Amino acid sequence: MTSAKPSRRHDRIIIHFDYDCFYASVFEAENPALKSVPLKQIIVTCNYEARRRGLHKLQLIHEARQIVPDVVIVLGEDLNRFRDASKELYKFLEAFTWNGKVERLGFDEVFMDVTDIVDFNQSLLNPNDLKNSYFQLQKNDPTVGFAFDSTKIAGHGFANIPQTQSPMPDTNIPTDDHESLMARLILGSHLAQHLRLGLEEQKGYTSTVGISTNKLLSKLVGNLNKPKGQTTLLPPYVVPDDREVESNVTAFIDGHDIGKIPGIGFKMSQKIRNHVLSRPAEFELGLIYGGTKESVTVRDVRLFPGMGPELLEKVLGGPGTERGIGGKAWGLINGIDDTEVQQAKKVPTQISIEDSYTRLDTMPQVLKELRILATSLIKRMQVDLLEDDGDDSTTRRWIAHPKTVKLSTRPRPPLNSDGTRARSFNRISRSGPLPNFVFNLKDGVDVIVEKLVLETLIPMFRKLHPYPSGWNLSLVNIGITNMIETASDDGNGGGRDIGRMFKRQEEVLKEWKVEDRDVPPDTILEAVAESHDAISTDPSAGNEVSDCTMTGSEDVIPTQTSADEPVEWDDEEVEDENREICHECGATMPAFAMAAHERFHSLET
DNA sequence: TAAGTCTAA
DNA sequence: CGATTTAGACTTA
């Protein structure tokens, strides 16, 4: 067995931000008296006062009430406030980057790659007066920045190997680039502190920060001092093989439970645990790894006989798993993570809305919930994908056109008394082209929602659940994906990554940029994709475009209903004034939607 | 492209 | 643990 120690690169400086109990902070910013923030039946998060009194994250609400009777529960129905706050803080940080590498993870975490800023400032250091250094925040404006002491780390440092008196490099520990890496981490720590305090003073949010050379390590090391702290993982990151010392990376990461490593989730940690605990390499039973050990640390895994990328590939690999997962996991275990901090993106790659239910088993209910979900979705699209038009701000334009809409459900297992069927807890889904009428800004949301539900979502639902009853859903999700970004007007706006787009998409984009920006012709896309038959390609068609799309989606219905699917599909429906009932299928809907609905039926079969 | 899996907050 | 909701990266066919 060769020394399977993979090479570690540490040419980057990455900062990881984690806002302290973010959800609670959002409310505290509005009303300091508030105590905790639950979502549905569970407390998603709580502030530190609540934690001091014995509450914790993901706790059941009634449980929390028993422990702290006067707890203030805030319903988190409205995620928009969190989304907005998250975006605001993210924008604040983004303004500091030079390379645009700022990546959000959930609402309350941000990675920043500040390598270029750090390198630039390293070159400015005056070796004769390191204590009085100046950190320049803008490349071409020396007046913007702050004074700092570049002989000291800002905030906490983590080192297993005790650092010597001199805070500057200890040359007794032979490492590659020890000195330079230390200097750059110091720079990074001061920049991090500047940003962290800026976030606190100017936005009112405290955060916990980690500084290291990759996403994995900066995220993990930040946890050492929270809340309101920052920690830098100190060198040496690499030590020569013949030394008895460990690198600080190894020393740091080794103590973690294997499942705590970002990227190694529930499934993978289970597999690894099973292997390390219960099947010690055939022989050598039990002596070292035997006993009844509960937790498996990174060190346990790393030192397991024969452990390496190949073994991990065997343990973790298999059909449906990521290729090269063994090598990747082996890297993580060794503190290696070469994944890039993503460029700031103007548009999300996907938007989805979902809700869960204790009981959802009739069509009228489904129809109602689909309307609710679709309404949220359309509104979200109009918030996240619309931008004020550059020239006159009275008009808005779509910055991206999602091409695909997907409906997912999670059927509740039947739980049969007589027999055997206890079954999957997983989601099933159907997807198809997103009709163009959703981009129409003249129609009201209600009109769009109604058309979308009747013409697209219900047909998908039928494919998912061919029988009108007999199912019971615990979850419904609607999402849009496959964003086709509109090219930015001036080269300025951050859409710099356009080179990464597929060539074909670029050509298509050019074509329809000439036309009405609010209604991209799917027809052209499909013609280029050369798969669909009999689709009108008349680009001058205004409202007709939606009809074309309808025809497109209608393509799939017969193939479904023809085979093994039942045909009886009438639901008994609750009566409601202001609503009409369809003679064909029994669905009810607002009067204005009936025309479209009837057209839908006329296209059926 | 469509459907699904795993991960993470 | 699991409970929930949203999102991204990835596989298979």
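Note: hydrogens, waters and symmetry copies are ignored here, and every other heavy atom, side chains too, is used. Numbered from 1 within each chain, the chains take letters A, B, ... in sequence-line order. The shown structure was predicted, so the numbers you read here are calculated from the model rather than taken from an experiment.
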Interatomic distance where CZ belongs to A:Arg83 and P belongs to C:dT5 [whole Å]: 14 Å
Side chain of A:Ser431 - closest among C:dT6, B:dA2, B:dA9: B:dA2
side-chain contact (heavy atoms from CB on, under 4.5 Å) partners of A:Lys101, counting only residues at least two apart: A:Asn99, A:Asp113, A:Glu340, A:Val341, A:Gln343
Polar side chain donor-acceptor pair, A:Arg104 to A:Ser86, under 3.5 angstrom: yes
Whole-Å distance separating the CG atom of A:Leu434 from the C1' atom of B:dA2: 16 Å
Nearest-Å distance for atom pair CD1/P, residues A:Ile480 and B:dT1: 15 Å
Nucleotide B:dG4, atom P - distance to CD1 of A:Ile428 in whole Å: 7 Å
Pair A:Asp20, A:Thr206: side-chain N/O donor-acceptor within cut-off below 3.5 Å: yes
Residue-phosphate contact under 4.0 Å: A:Arg430 side-chain N/O, B:dA3 OP1/OP2: yes
Sugar-phosphate only, base, or nothing, as touched by A:Thr404 at under 4.0 Å among non-hydrogen atoms: sugar-phosphate
Touch class at under 4.0 angstrom, heavy-atom based, for A:Lys219 against every strand present: sugar-phosphate
Whole angstrom value for the distance that separates P of B:dC6 from CD of A:Gln350: 18 Å
Touch class at under 4.0 angstrom, heavy-atom based, for A:Phe266 against every strand present: sugar-phosphate
With sequence neighbours excluded, residues passing ring pair (Phe, Tyr, Trp, His ring centres under 6.0 Å) with A:Tyr19: A:Phe22
Touch class at under 4.0 angstrom, heavy-atom based, for A:Gly479 against every strand present: nothing
side-chain contact (heavy atoms from CB on, under 4.5 Å) against A:Ile372, all qualifying residues, sequence neighbours excluded: A:Lys368, A:Glu369
Whole-Å distance separating the CG atom of A:Asn482 from the P atom of B:dA2: 8 Å
Sugar-phosphate, base or nothing in reach of A:Ile261, heavy atoms under 4.0 Å: sugar-phosphate
Between B:dA8 (C1') and A:Lys260 (NZ): distance, integer Å: 14 Å
Residues in ring pair (Phe, Tyr, Trp, His ring centres under 6.0 Å) contact with A:Phe266, at least two apart in sequence or another chain: none
Salt bridge (Lys or Arg N to Asp or Glu O under 4.0 Å) against A:Lys271, all qualifying residues, sequence neighbours excluded: none
Contact under 4.0 Å: A:Ser429 side-chain N or O vs B:dA3 OP1/OP2: no
Nucleotides 9-12 of chain C: which of its N/O atoms have a protein N/O under 3.5 Å away?
| from | atom 1 | to | atom 2 | distance (Å) |
| --- | --- | --- | --- | --- |
| C:dT11 | OP1 | A:Arg323 | N | 3.3 |

Sugar-phosphate, base or nothing in reach of A:Arg104, heavy atoms under 4.0 Å: nothing
Interatomic distance where CD1 belongs to A:Ile353 and P belongs to C:dT4 [whole Å]: 17 Å
